[in-house]
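In this text the structure is predicted, and so the values were computed from the model without any measurement.
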Amino acid sequence: MGSNGSGEDGADGGRGDGRAAPDSDLSARLRRLETQIERKRPKAPPGPSSRSGPAGGPSPLGQAMTISTEFVAGVAAGGILGWIFDHFLGTKPWGLIVFLMLGFVTGVYNVMRLSGFSRSRSGGDGQEPRGD
């Protein structure tokens, strides 16, 4: 083999000194490796926020706003549908009463679904329902 015993395989071009070329070659390879690592490394997330929930999930305030919006939207949709039903069919006030109650039930269901309460009761996530 053409090795000079120092672990290099003839990269110095056969010169006797052998130190200047391998050091510059090593530096160039290190720079190339650093740029490749930087390209492949995932971008660091911004600093940890005190407002974020566990595991980078939505903040508690965001969850509260979502849950309250779902509830209000269910009741409002029921009220609007009930009013339209009464207006066109002339069944005042029964359509409004029935659809408001359906909107309330839908809002409660959405709140339970978003908060995870209905999942733990149904046993869909591998947990047994608690016997109260």
Same cluster or not: are [X] and [Y] linked, directly or through other Ile, Leu, Val, Met, Phe, Trp or Tyr residues, by side-chain heavy atoms under 4.5 angstrom apart?
X    : Y    : value
V75  : M112 : yes
F117 : V111 : yes
Y109 : V72  : no

Using side chain to side chain donor-acceptor pair (under 3.5 Å) as the criterion, list what pairs up with [X], not counting sequence neighbours.
X    : answer
R41  : E38
T91  : D86
N110 : E70, R113

How is the hydrophobic cluster of [X] composed, in terms of its other members, when Ile, Leu, Val, Met, Phe, Trp and Tyr link through side-chain heavy atoms under 4.5 Å apart, directly or indirectly?
X   : value
L30 : L26
W94 : I97, M101
I37 : L33
L89 : L81, F85, V98, F99, L102

Salt bridge (charged side-chain N to carboxylate O under 4.0 Å, His left out) with E34: which residues, sequence neighbours excluded?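 In terms of salt bridge (charged side-chain N to carboxylate O under 4.0 Å, His left out), with neighbours along the sequence ignored, E34 is linked to no residue.
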Suppose we screen for salt bridge (charged side-chain N to carboxylate O under 4.0 Å, His left out). Which residues come up paired with R39, at least two apart in sequence or across chains? none
Distance in Å, M65 CE paired with S59 OG, rounded so as to fall on 0.5 Å steps: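 If we round to the nearest 0.5 Å, M65:CE and S59:OG are 10.0 Å apart.
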How would you list, by chain and number, every residue that makes a side-chain contact (heavy atoms from CB on, under 4.5 Å) with I84, sequence neighbours excluded? I80, F88
Identify the two heavy atoms, one from I67 and one from S115, that lie closest to each other, and give their separation to 0.1 Å.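 Heavy atoms only, the tightest pair is CD1-CB, 4.4 Å.
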Applying ring-ring contact (aromatic ring centres under 6.0 Å, His included), name anything that partners F104, two or more places apart in sequence or on another chain. F71
